2 protein chains.
Amino acid sequence: MVADDSGSKPVTLTDVARLARVSVPTASRVLNGGVRGKASGTPELRRRVEEAARALGYSVSTAAQAIKDGRARTIALIVSDIDDFGSATVIAGVMHAAEERGLSVAVRTTRDDARRELDLLTKLRGERHRAIVLATSRTTDAEREAVLDEHLRLLQAQGASVVLIGDSDLPYPAVTVDNRGAAARLAVGLVDAGHRSFAVISGPTDQVTSRDRVEGFLEGLAERGITVPDDDVIHAPFSRDGGFEAVQRLGDRVGGFDVIAAMSDAMAVGAIASLRDRGIEVPNGIEVTGFDHVPMLGDVLPRFSTVEIPLEAFGEAALSLALDEAEGDERPTRIALPTETIVKGSVYAG
Amino acid sequence: MVADDSGSKPVTLTDVARLARVSVPTASRVLNGGVRGKASGTPELRRRVEEAARALGYSVSTAAQAIKDGRARTIALIVSDIDDFGSATVIAGVMHAAEERGLSVAVRTTRDDARRELDLLTKLRGERHRAIVLATSRTTDAEREAVLDEHLRLLQAQGASVVLIGDSDLPYPAVTVDNRGAAARLAVGLVDAGHRSFAVISGPTDQVTSRDRVEGFLEGLAERGITVPDDDVIHAPFSRDGGFEAVQRLGDRVGGFDVIAAMSDAMAVGAIASLRDRGIEVPNGIEVTGFDHVPMLGDVLPRFSTVEIPLEAFGEAALSLALDEAEGDERPTRIALPTETIVKGSVYAG
DNA sequence: ACGTCACTGGAGAACGTTTGCCAACACTGT
DNA sequence: ACAGTGTTGGCAAACGTTCTCCAGTGACGT
C-alpha cells in the first residue's frame with residue numbers, strides 16, 4: 001500500500017501535442033479529421049499525432065467540447081420511473097434513435113413528484129442538452145401544468161428542443177397514440193367476443209392518459225349498448241399495486257363481472273394477483289385485460305387481451321421531431337403512432 | 001420565415017452578474033452559498049444576485065464545472081440492454097444511490113457487442129466520470145477480458161473508480177451474489193418438492209453467470225443423487241428468445257421431464273411460450289422454474305420457483321464501493337449480497 | 001529572381017466557471 | 001487619531017477544447 005492515491009490526471013490534448021511535438025491546435029485538427037479542407041497535416045505529422053493519442057489513450061473531453069460550442073451532444077429523457085413496464089422500452093427506443101444520430105441520452109426520473117420534476121428541469125438547463133424529451137404522464141391539473149410549461153419555455157429559450165411523449169394539453173411537439181380510439185376498439189372487441197359485464201380499473205382521474213383510455217373504453221362499450229355504472233370504474237395508482245388495490249376496492253361485487261378491464265398491463269398484473277388472493281384464478285370465471293402490451297404477459301397468459309402501444313417507436317419519432325427533421329416548412333407538431341388491439345390473441349390494427 | 005433560428009443563448013453567470021451589477025466571481029460566491037467561511041456577501045448584495053439569477057432562470061453549466069475541477073459529478077453505468085428484465089431494476093438502484101450522493105447517472109448499453117463495449121469505454125474516458133459501474137455479464141473468453149481490462153485500467157489511470165456488478169475474474173471491486181450456492185439450493189428445494197427429472201436451459205457457456213448457475217444447479221441435484229445427462233443441458237442466448245429456442249432444441253424429449261429449469265426468468269418465459277406452442281400448458285404436466293425473480297412473474301404464475309437476486313441493492317453496494325466509502329484501511333474488494341430461494345411460493349433465505 | 005499562390009502549423013482568444021490573491025473598506029480598542 | 005483585525009468584492013488565472021487569424025514555407029509561373 002504505497003498509497004498511490006491515484007492522483008493521476010486525465011490525458012489531455014496538451015499531453016498528446018507535447019508527445020507528438022506539435023502545437024495543441026494542430027493536434028486537434030489532425031484528430032478531428034481536418035477541420036479545414038480535407039484531411040489535415042502531413043502524413044508524417046498525422047502519424048505522429050495519432051500514435052501519440054493512441055499511446056496515451058487520449059479521448060476528447062466532452063465537457064470541453066460542450067463548453068466550446070454552447071451545447072452538449074446529448075439529449076435528456078425524462079420518465080417517471082425507470083423500472084416501469086413501459087419506461088424501459090421507451091428509453092431503449094430513444095437511446096437507439098439517439099445513437100444513430102451520434103448523441104448520448106441522459107435519463108432522469110421524476111418518480112411522479114411534481115416538485116422533483118421542476119428541480120430536475122432546472123438542473124437540466126445547466127446541462128445544455130440539445131433536446132428534452134418529456135415522457136412522464138401529464139395531468140389535467142392546470143396549475144401544475146402551467147408551472148411545468150414555464151420551465152419548458154426556459155429550456156426552449158436557451159435553444160433546446162422540447163418534445164413530449166404521450167398526450168397533454170401543452171403546446172409542444174408531441175408523439176402520441178390514439179388512446180381513446182384504441183380503448184374503444186378494445187371494448188368493442190371484448191363485447192364481440194361475448195363479454196357483457198365490465199369493471200374498469202385505471203389510474204388517477206387527473207392523468208390525461210388514464211382519462212382518455214377510460215373514456216374511450218366506455219364509449220366503445222356504449223357503442224354496443226353496454227353501460228358501466230360509475231361505481232364499477234375504479235381509480236387507483238397507475239401501477240401494479242394500484243391494480244391490486246382497485247380489485248380490493250371492488251369488494252364482493254367482483255364475482256359479478258365477466259371482465260376486469262385494467263387500463264394498463266401493470267394494473268392488470270396487480271388485479272390478477274388480487275383476484276388470486278380472493279381465491280379466483282384467472283381466466284376461470286373472470287377475465288382480466290390490459291393496455292400497453294408488455295410482451296412477457298402475452299407469453300405467460302394465454303389469450304390475454306390488451307392494446308399494443310409502439311413504445312420503442314416513440315423514440316425514433318420523438319427524436320425526429322426534436323431535431324427538427326421536418327420535411328416541409330410547416331413543422332408537424334404532432335405525430336400519432338398506430339396501435340394494435342389484441343383480443344384473446346387475435347390482432348386488429350388501428 | 002423570419003428565420004428567428006431560435007439563436008437564443010443560454011443564460012450564463014455573466015448575465016446574472018451584469019443584471020445584479022456585481023462581478024462574476026462575486027455572483028459565483030453568492031450562489032454557491034459562500035465558498036469562504038459561511039454565507040458570502042452583504043444581505044443586500046445576496047438578494048440582488050439571487051433575484052437576478054431567478055429572474056433570468058439561471059442554472060450553472062455542468063460542463064464548465066466539470067472542466068474546472070477535472071471531473072464531472074456523474075457516474076457511468078454500463079449494461080448490456082436497458083430493457084432486459086433485470087437491467088431496469090439495477091439501473092433504478094444505481095440511480096437512487098447516486099442521487100443520494102448528489103451524482104447523476106449516465107446509462108450506456110453495449111448490446112453484448114464486445115466491439116461496442118470497447119468504443120464505449122473509450123468515449124467514457126472523455127466524459128470524466130467519477131466512477132464506472134460495469135454491469136454487463138462477463139465472459140470466460142480470456143482475450144476479450146484482457147482487452148477489456150486494458151480499457152478499464154486506462155479509466156482508472158485518469159482517476160475514475162471502476163466497480164463490477166456480477167461475477168468475473170477481473171481484478172476490480174465487485175458486487176456479486178453466490179449464484180452457485182443459490183442455484184444449488186434451488187435444485188435441492190425442487191427435488192425435496194418431489195421432482196425427479198430435469199432439463200436445464202441456460203445462457204452461453206462462456207458467460208460467467210450462466211456457467212456458475214448451471215454448475216451450482218447440477219451440484220445441488222447431485223447432492224440428492226440426481227444426475228442430468230449433458231444432452232439435457234441446453235445453452236442458448238440468455239434471453240426470452242433463448243429460452244424459446246432452448247425448448248425447441250429439446251425436441252420430443254420435452255415430454256419426459258418433470259421440470260425445465262431455466263437459469264433466468266427471461267428464459268423461463270420463453271420456455272413457457274415454447275411449450276405452449278407444442279400444446280403443453282404449464283404447470284400441467286411440466287413445470288418451468290426461473291432465476292432472478294422478476295416480481296411480475298410471481299403475480300402471474302402461481303407458485304413459480306425462482307431465486308431472488310437483490311438487483312436494486314446492487315446499486316447501493318456498487319456506489320459505496322466505487323466512492324471508496326470503505327471502513328477500515330483494507331478496502332473490501334468484494335461485496336456478496338444474499339439471495340432468497342423461492343420454491344413454489346415458499347421462501348428460503350441464503 | 002521575384003511575386004503569387006496554396007498550404008501548413010503556431011499563437012491567441014474564446015467558451016463558463018471557480019479560486020487565489022489583493023486592494024479597499026469598516027470596525028474595534030487603545 | 002491610529003494601528004490592527006476582519007470582511008468584502010474585484011482582477012486574473014486556470015481548466016480543455018476549437019476556431020480565427022497570421023506568419024512561414026515551398027512550388028510555380030513570369
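Letters A, B, ... are given to chains in the order of the sequence lines, protein chains preceding strands, and every chain is numbered from 1. Keep in mind the model is a prediction, meaning the values are calculated, not measured.
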Quiz prompt | hbond_proxy A/R128 side chain to C/dG16 base (donor-acceptor, 3.5 Å cutoff) | solution = no
Exercise. Starting from the first five and the last five pairs of the helix from C/dA1-D/dT30 to C/dT30-D/dA1, work out the angle between the resulting helix axes, to 10 degrees.
Key: 50°
Practice problem: Give the nucleotide from the list D/dC11, D/dG9, C/dG10 with an atom nearest to the side chain of A/V22. | Solution: C/dG10
Quiz item: What is the distance from atom CD1 of B/I78 to atom OG1 of B/T110, rounded to the nearest 0.5 Å?
Solution: 8.0 Å
Practice problem: Taking only the side-chain heavy atoms of A/I67 (C-beta and beyond), determine which of C/dG16, C/dT18, D/dT18 contains the nearest atom. | Solution: C/dG16
Quiz item: Can you tell me how far C1' of D/dG16 sits from CG of A/D15, to the nearest Å?
Solution: 10 Å
Quiz item: Would one find a side-chain N or O of A/S28 under 4.0 angstrom from OP1 or OP2 of D/dT17?
Solution: no
Quiz prompt | Protein-nucleotide distance (B/R73, atom CZ; C/dT17, atom P), rounded to Å | solution = 16 Å
Practice problem: Please report, rounded to the nearest Å, how far the C1' atom of C/dG10 is from the CG atom of A/L13. | Solution: 14 Å
Quiz item: Could A/E50 and A/R54 be called an ion pair, given the rule that one side-chain N must be under 4.0 Å from one carboxylate O?
Solution: no
Practice problem: Could you list by number each residue of residues 57-65 of chain B showing a heavy-atom separation from DNA chain C of less than 4.0 Å, or answer none if no residue does? | Solution: B/Y58, B/V60, B/S61, B/A64, B/Q65
Quiz prompt | Nearest-nucleotide pick for B/T26, side chain only, options being C/dT18, D/dG10, D/dT17 | solution = D/dG10
Exercise. Return yes when atom CD of A/E143 has more than 12 non-hydrogen atoms of other residues, nucleotides or ligands closer than 6.0 Å, and no otherwise.
Key: no
Quiz item: Do B/R116 and B/D119 meet the salt-bridge criterion of a basic N to acidic O distance under 4.0 Å?
Solution: no
Self-check item: Atom-pair distance (CG on A/D69; P on C/dC15), nearest Å
Solution: 13 Å
Quiz item: Can you check whether A/S161's main-chain N or O pairs, donor with acceptor, with A/Y172's side chain at less than 3.5 Å?
Solution: no
Exercise. Compare all side-chain heavy atoms of B/D167 with those of B/R334 and state whether any distance is below 4.5 angstrom.
Key: yes
Exercise. Just compare D/dG16, C/dT17, D/dC21 and give me whichever is closest to any side-chain atom of A/K68.
Key: D/dG16
Quiz item: B/R29 has a side chain; which of D/dT17, C/dT19, C/dG12 sits nearest to it?
Solution: C/dT19
Quiz item: Looking at side-chain heavy atoms only, is the closest gap between B/V133 and B/L319 below 4.5 Å?
Solution: yes
Quiz item: Nearest-Å distance, NZ (A/K9) to P (D/dC15)?
Solution: 9 Å
Quiz item: Does the side chain of B/S23 get closer than 4.0 angstrom to OP1 or OP2 of D/dG10 through an N or O atom?
Solution: yes
Quiz item: With nearest nucleotides of DNA chain D determined for B/A27 and A/T12 from heavy-atom distances, which residue corresponds to the more 5′ nucleotide?
Solution: B/A27
Quiz item: For the pair made of CZ in B/R46 and P in D/dG9, what is the distance, rounded to whole Å?
Solution: 10 Å
Quiz prompt | Nearest-0.5 Å distance, CD1 of residue B/I75 to CZ of residue B/R130 | solution = 11.0 Å
Quiz item: Atom CZ of B/R18 and atom C1' of D/dG10: how far apart are they, to the nearest Å?
Solution: 17 Å
Quiz prompt | Electrostatic pair B/R153:B/E150 at N-O distance under 4.0 angstrom | solution = no
Exercise. Give the rounded distance in Å between these two atoms: CG of B/N32 and P of C/dG20.
Key: 13 Å
Quiz item: So, are B/E316 and B/R101 salt-bridged, with charged N and O less than 4.0 Å apart?
Solution: yes
